[in-house]
> 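A single structure is presented below for examination.
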Number of protein chains: 2
Amino acid sequence: MSEFMPTMADVAREAGVSKMTVSRVLADRDVSAAMRERVLAVIKQLGYLPDASAGTLSSGRSPFIVALVPSMSSSNFADTVHSLNAAVTAHGLQLLLGDTDYDPKREEQLLRVMLAHRPEGVMLTGSFHTVATQAMLKRSKVPVVETWDVPRTPIQQAVGFSNVDAACEMMRHLHERGYRRIGFIGGATRLDRRGLDRQTGYRQGLKLFGLGEPRVIQHGGSPVTMSHGGEAFSLLLDAWPDTDAVMCVSDMSAFGALMECHRRGISVPNQMAVAGFGDFEVSRYCYPSISTVAVDPHAIGRIAGEMLLAGAAARKSGMQGPSEKRRVEFRVLARQST
Amino acid sequence: MSEFMPTMADVAREAGVSKMTVSRVLADRDVSAAMRERVLAVIKQLGYLPDASAGTLSSGRSPFIVALVPSMSSSNFADTVHSLNAAVTAHGLQLLLGDTDYDPKREEQLLRVMLAHRPEGVMLTGSFHTVATQAMLKRSKVPVVETWDVPRTPIQQAVGFSNVDAACEMMRHLHERGYRRIGFIGGATRLDRRGLDRQTGYRQGLKLFGLGEPRVIQHGGSPVTMSHGGEAFSLLLDAWPDTDAVMCVSDMSAFGALMECHRRGISVPNQMAVAGFGDFEVSRYCYPSISTVAVDPHAIGRIAGEMLLAGAAARKSGMQGPSEKRRVEFRVLARQST
DNA sequence: TTGAAAGCGATACCAC
DNA sequence: GTGGTATCGCTTTCAA
């Protein structure tokens, strides 16, 4: 077994051709069938693997799309990333994935590192970014798409929905069902803007339907967990014992709250309604099943991919990339818990 | 706003120094404080970002660690990746993440693409790989660690546990609790080796405790979902109505089975015991809580990171990397469902 | 269809 | 501490 990594020059020499011919074979450009055979055979025999850095440096074209998500353990973001990955992989690109941990400062650091690879596109989550982040993005002229939210003025492109409106629709649902003393539980962090938007939607709903003062418990970090949900629900009952419905920032906390009801012998939905957000699998299969707001994380990923690909194509031909906003549907799913 | 991306040469010219000095400032090597100030100022002013491809090509040192997992939506693998990421990030490396979708052929393709970036290390999940995969890994001499399993003869290093033994321990628990007609539900795929190992452990348990013939339902793809669990459980009851306990390939299917019990009015654990695997959050917070096998996905990721870092250091100094096997603990958690 | 030469943007190595 | 030069492995460009 040889001690060194063969290069394209080695393949060329062994096959008795020029490097360029090898390069063309790999890129599947015009080469005679016979030549292709010959070169491919040598490549296989030598176990040659191209060096991506050299290719990137030489061509000025990177194989990367950057995707930055707040958390990889949220199945919602995982789904979005999965679909984005499918979309870009089909075009020969690969994901460079980063986990910001819900921290814009961390997002900035990650982005700085990742822009060093001169990606063809960048997917961000949310619309809350540091000024340095925005400046880097502008300078680098890389196609950018913000997801899971639709900012008034996106950096460039965006695909998502209004978390405020979605939460408000859930309030409409609860109001229609006859609930009047509705609480809200969410995380304690200031950094999860989508969570905060949902709380804003809750407050709008209270006003809109004349439901009195907010009953808000902020408890636990991001992402919100089942145990946070149970604890927050207990705090909610401590503060406002006559609460008859709880709207949760996510299905995870809703499930936690629901289990706390079980434990306390509170009947759902008779004595207490529980609403979630996100249509996670658990909310569909638990008992009673949890009413929630369904969005399509896969659609967000797929559309983000299309937008980025379009942006990359535009940039290649020297054009200004499109600056588009797209909305995806959300839907209140009435299930057993309300 | 300038139209081009500034290079190190631009920074050097603007600062009136050589490229090497700029390079040293960025690498934080010996440069006088005054010089550093001056160069840093120019870097900021120009918005200069280094080009990673050029650096990699020139230094022969890549910033990447490759991590290949069967599925990103499984919280177990997500946790492992998270800890691996933390471990390598601390050493200035970044993850190149791939999703094999439980398919060794796909793993091979992904690996081929990723080895083009000349990573400093590769984390694989499981011990089932194509021969081409193994050949590529050998040739490239990159540090490799297989996770979530401990093969008899690892490619190089490994960290995990015996899924067979772990499942068998769960059988011991069920037997001790008095259950005698125990079924097993898992996915229908041949590709999820860890799932198959757990089934093997189940069969071993049957023999060991004299519990008669296997009652196995294989249903649904990978990763197994809650709905698969509910459906598989129904099939199990159809086939063997007198079953008094079900051991599930994962907590996801266990939860699905548990909810199906709710629906059918089957009391858990009185009429039916339900056991899971993996200690997912839902198994801890649902009612009744699900007995499961706990492993520490974070420890696997952390240790894998350490192993890879050690391997990379060894390779740098021309040494043969260690070929170590490490086991992580697993523990049967007896909860309410058994 | 194939080949030769000139870079791409950084770092290693050796002078000073 | 700092600077010059060769070089990493590939693709672009242009010529044959």
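Proteins get letters first, then strands, A, B, ... in listed order; numbering begins at 1 in each.
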> Does C:dT2 have its OP1 or OP2 closer than 4.0 Å to a side-chain nitrogen or oxygen of A:Thr21?
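Checking C:dT2 against A:Thr21, no side-chain N or O comes under 4.0 Å of OP1 or OP2.
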> So, A:Asp28 and A:Arg36, do they make that salt bridge, N to O below 4.0 Å?
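Yes, this pair counts.
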> Look at the side chain of B:Thr56 and the backbone N and O of B:Ala52, then say whether any donor-acceptor pair between them is shorter than 3.5 Å.
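Here the side-chain-to-backbone pair exists.
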> Across nucleotides 5-16 of chain D, 5' to 3', mark each nucleotide with B, S or - according to how protein heavy atoms within less than 4.0 Å reach it.
---BBBBBB---
> How long is the gap from CE on B:Met114 to CG on A:Leu49, to the nearest 0.5 Å?
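One finds 13.5 Å between CE of B:Met114 and CG of A:Leu49.
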> Give me each pair satisfying ring pair (Phe, Tyr, Trp, His ring centres under 6.0 Å) with a member in residues 24-66 of chain A, each pair once, sequence neighbours excluded.
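Residue pairs with at least one partner in residues 24-66 of chain A: A:Phe64-A:His117, A:Phe64-B:Phe64, A:Phe64-B:His117.
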> Could I get the full list of side chain to side chain donor-acceptor pair (under 3.5 Å) partners for A:Arg315, not counting sequence neighbours?
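None.
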